Amino acid sequence: MDGLPVMRGAASYWVLRAAAATVLLGAAASCSSGTAGGTASPASATASATPITTGPVTAEISQFRDNYSKQIIEIQLTNTTGHALTVLGAELTSPLFAAPIIWSARTGGIELPPGQPKSLPAPLPAPDCGSPAGPGATSGAAGDARVSLRLATPEGAVPVPAMAPVTDPFGVLARNNSELCLAREASAVATIALDPELELAADGRTAVLRLLLQPRAAAGAGELVIDRIEETTLLAEASQAPWPRSVTVRAGGAPAQVRLGIRPSRCDPHAVAEDKVGTLLPLQVRVAGREGIVKIDAGSQLRARIYDFVTKACGRQ
């Protein structure tokens with residue numbers, strides 16, 4: 001979880017100067033062997049500190065389910081020293097994104113106790129769609145990703161610069177790059193959205209969503225194909241109104257709408273209360289040589305109506 005800001009007097013912590021405060025955590029193969037560490041006094045930390053292979057902090061990339069639609073990831077840090085550190089800023093760079101991924105601390109920073117991981121939420125910038133992740137980039141090491149930190153430390157305990165692997169066990173960076181680039185190509189052909197209105201059946205057990213397709217005005221700008229529409233953790237296809245397949249949308253074409261009959265996909269007591277991604281409608285699409293899932297967010301108004309529909313429909317089962 002996110003840490004809490006640490007408030008302290010000016011004399012109780014020594015804030016490292018900019019050159020000495022940056023701790024690079026890289027996944028480059030050339031850094032994997034490392035060198036032995038040494039000691040340094042506060043006055044000589046910048047000039048003479050030697051990189052070490054362990055600590056003071058290791059980094060891992062993750063993403064909470066409720067941040068999928070917000071394009072926010074987590075930079076999870078673990079303090080490997082025997083004393084508390086305070087994180088004043090974190091910056092992740094990756095060739096998969098056009099700009100650094102930045103976490104900005106609140107006043108006072110966030111305390112990083114020894115051995116206790118802390119997750120720092122950081123919004124994703126625009127993807128670099130000319131930098132494919134490549135084979136094997138979907139899990140494990142984070143390729144050429146690096147994290148730089150600004151740290152404060154107890155007075156007199158000076159961490160030396162360090163290098164350590166940045167792991168991405170769930171392929172968060174590659175997945176987000178792929179999804180964002182696919183969404184960019186799709187949006188160049190058409191705007192895809194869900195109508196905020198929900199059409200309820202007379203018995204209240206099913207409803208109809210309307211997927212709105214608004215092609216771009218410029219003719220010849222390409223086409224996209226919606227191969228299929230997938231169910232979510234909250235919504236399933238209603239048998240009496242099956243979802244279409246292989247829907248082609250061409251730039252310069254006429255606006256269209258796709259009617260989707262829905263029913264609750266689950267009716268346990270936690271279905272709505274614990275929902276994170278149930279109102280993100282996944283479309284399996286092909287466009288501009290790419291293929292994958294584009295997720296259409298219901299938006300706050302429709303989301304509330306879907307939750308109300310699922311609750312009442314489940315009560316009628």
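Predicted, not measured: the structure shown is a model, and the values here were computed from it. Just so you know, residue 1 is the first one in the sequence shown, and it goes up from there.
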Query raised in the report: Got a sec, which residues hit side chain to side chain contact (heavy atoms under 4.5 Å, CB included) with T233, two or more places apart in sequence or on another chain?
Result: R65, D275, V277
Query raised in the report: Which pair of non-hydrogen atoms, one from L280 and one from S69, has the smallest distance, and what is that distance?
Result: CD2-CB, 3.6 Å
Requested in this report: Please list all pairs passing the side-chain hydrogen bond (donor to acceptor under 3.5 Å, both in side chains) test where one or both residues lie in residues 250-263, with sequence neighbours left out.
Outcome: E199-R259, E223-R250
Report summary line: Sorted by chain and number, sequence neighbours left out, side chain to side chain donor-acceptor pair (under 3.5 Å) with Y68 holds for none
Query - Exercise: identify the closest heavy-atom pair between A122 and I101 - result: CB-CG2, 3.6 Å
Query raised in the report: Should L260 and V208 be counted in the same cluster of Ile, Leu, Val, Met, Phe, Trp and Tyr side chains packed under 4.5 Å apart?
Result: no
Query raised in the report: Which side-chain hydrogen bond (donor to acceptor under 3.5 Å, both in side chains) pairs, counting each pair once, include a residue from residues 278-293, with sequence neighbours left out?
Result: D227-R286, T279-R303
Query raised in the report: Which heavy atom of L198 sits nearest a heavy atom of R305, and at what distance?
Result: CD2-O, 3.7 Å
Report summary line: Residue set satisfying side chain to side chain donor-acceptor pair (under 3.5 Å) with R266, at least two apart, ordered chain then number -> D268
Report summary line: Here the pair of heavy atoms bringing G115 nearest to P117 is O-CD, 3.5 Å
Query raised in the report: Can you check whether L77 reaches L120 side chain to side chain, under 4.5 Å on heavy atoms?
Result: yes
Query raised in the report: Is the shortest heavy-atom distance from the side chain of N67 to the side chain of I73 under 4.5 Å?
Result: no
Query - Donor-acceptor contact below 3.5 Å, side chain N176 vs main chain L180 - result: no
Distance-only check: which donor-acceptor pairs under 3.5 Å involve side-chain atoms of residues 184-196, not counting sequence neighbours?
unit_1 : atom_1 : unit_2 : atom_2 : d
S187   : OG     : A183   : O      : 3.2
S187   : OG     : R184   : O      : 2.9
D195   : OD1    : E197   : N      : 2.8

Query - Residues in side chain to side chain contact (heavy atoms under 4.5 Å, CB included) contact with D308, at least two apart in sequence or another chain - result: K312
Query raised in the report: Under the side chain to side chain contact (heavy atoms under 4.5 Å, CB included) test, which residues partner E237, sequence neighbours left out?
Result: E231, P242, W243
Query raised in the report: Quick one: side chain to side chain donor-acceptor pair (under 3.5 Å) partners of R228, sequence neighbours excluded?
Result: E230
Query - N/O donor-acceptor pair under 3.5 Å between D128 side chain and L96 backbone - result: no
Query raised in the report: Under 4.5 Å between any side-chain heavy atoms of I61 and F170, yes or no?
Result: no
Query raised in the report: Is there a path of hydrophobic side-chain contacts, each under 4.5 Å between heavy atoms of I, L, V, M, F, W or Y residues, that connects V247 with L283?
Result: yes
Query - Closest contact, heavy atoms only, A99 versus P125 - result: O-CG, 3.2 Å
**Report entry** Pairs meeting criterion disulfide (SG to SG under 2.5 Å) with involvement of residues 171-200, two or more places apart
**Finding:** C129-C181
Query raised in the report: Residues two or more places apart in sequence or in another chain: which of them pass side chain to side chain donor-acceptor pair (under 3.5 Å) with R245?
Result: none
Query raised in the report: Which ILVMFWY residues are connected to V225, directly or by a chain of links, through side-chain heavy atoms under 4.5 Å apart?
Result: none
